[in-house]
Amino acid sequence: MKRTYDLRGRQSSIFRLARFDPEGFLHALIYRILIFLSIVYGLVLLLANQYPQLYLAIAPLTAAVWILFTFELFEFIKGIALAQTKGLAFGRFQSTYREVQLRHAPHAQIFAFTIAPYLAVIIWLLGFAAMVMWWH
């Protein structure tokens with residue numbers, strides 16, 4: 001069996017990303033926090049009928065998941081934008097390559113995909129505000 005070597009290093013040490021890819025580091029860190037938080041959240045939801053005092057933890061846990069998921073949503077929409085515009089929406093390309101690509105891509109589409117992640121986050125945060133207002 002052929003043995004390969006991963007040039008990125010161990011995947012378990014996400015702090016190595018902080019030096020060269022802060023956005024990737026933040027994504028990996030929040031993703032791991034959300035895994036743990038979702039397990040706690042699920043247990044609280046499952047046990048809330050047996051232990052009614054756990055109902056007090058549902059709102060703060062929901063808010064924490066919502067806030068942490070905001071960055072994941074941004075990254076997801078940004079990834080879609082990058083794929084749909086072949087990197088023109090957020091990519092940092094050489095000017096000549098970018099000019100050639102822009103001849104074949106509508107500027108309005110690139111602009112729409114560039115603002116799409118920010119609009120998604122705004123709508124997401126408006127939903128969070130509506131949820132908090134509904135609670136109170």
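- Cluster annotation: Leu29 is connected to Ile67 through the hydrophobic network of ILVMFWY side chains, with a link wherever side-chain heavy atoms come within less than 4.5 Å.
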Could you tabulate the donor-acceptor pairs under 3.5 Å formed by side-chain atoms of residues 128-136, not counting sequence neighbours?
none

Distance-only criterion, 3.5 Å: show the donor-acceptor pairs between side-chain atoms of residues 39-59 and protein atoms not counting sequence neighbours.
unit_1, atom_1, unit_2, atom_2, d
Tyr41, OH, Thr62, OG1, 2.6
Asn49, OD1, Tyr55, OH, 2.6

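- Nearest heavy atom pair, residue Ala120 against residue Ile77, reads CB-CG1, 3.9 Å.
- For the side-chain contact (heavy atoms from CB on, under 4.5 Å) test, residues two or more places apart in sequence or in another chain that qualify with Ala81 are Ala89, Phe90, Phe113.
- There is a path of hydrophobic side-chain contacts, each under 4.5 Å, that joins Ile33 to Phe25.
- In this structure, the side-chain contact (heavy atoms from CB on, under 4.5 Å) partners of Ile115, at least two apart in sequence or on a different chain, are Phe111, Leu119.
- Its side chain outside the 4.5 Å cluster rule for every partner, Ile123 clusters with none of the Ile, Leu, Val, Met, Phe, Trp and Tyr residues.
- Residues passing the salt bridge (charged side-chain N to carboxylate O under 4.0 Å, His left out) test with Glu23, sequence neighbours excluded: Lys78.
- Clustering ILVMFWY residues whenever any of their side-chain heavy atoms sit less than 4.5 angstrom apart, transitively, puts Tyr31 in a cluster other than the one holding Val121.
- In this structure, Leu61 and Val65 have side chains that are not in contact, with every pair of non-hydrogen atoms separated by 4.5 Å or more.
- The CD1 atom of Ile30 lies 11.5 Å from the CG atom of Leu37; values are rounded to the nearest 0.5 Å.
- Tested against Phe74 for a ring pair (Phe, Tyr, Trp, His ring centres under 6.0 Å), the candidates Phe69, Trp124, Tyr118 yield a single pass: Tyr118.
- Here the CZ-CD1 distance, from Phe76 to Ile80, works out to 3.5 Å after rounding to the nearest 0.5 Å.
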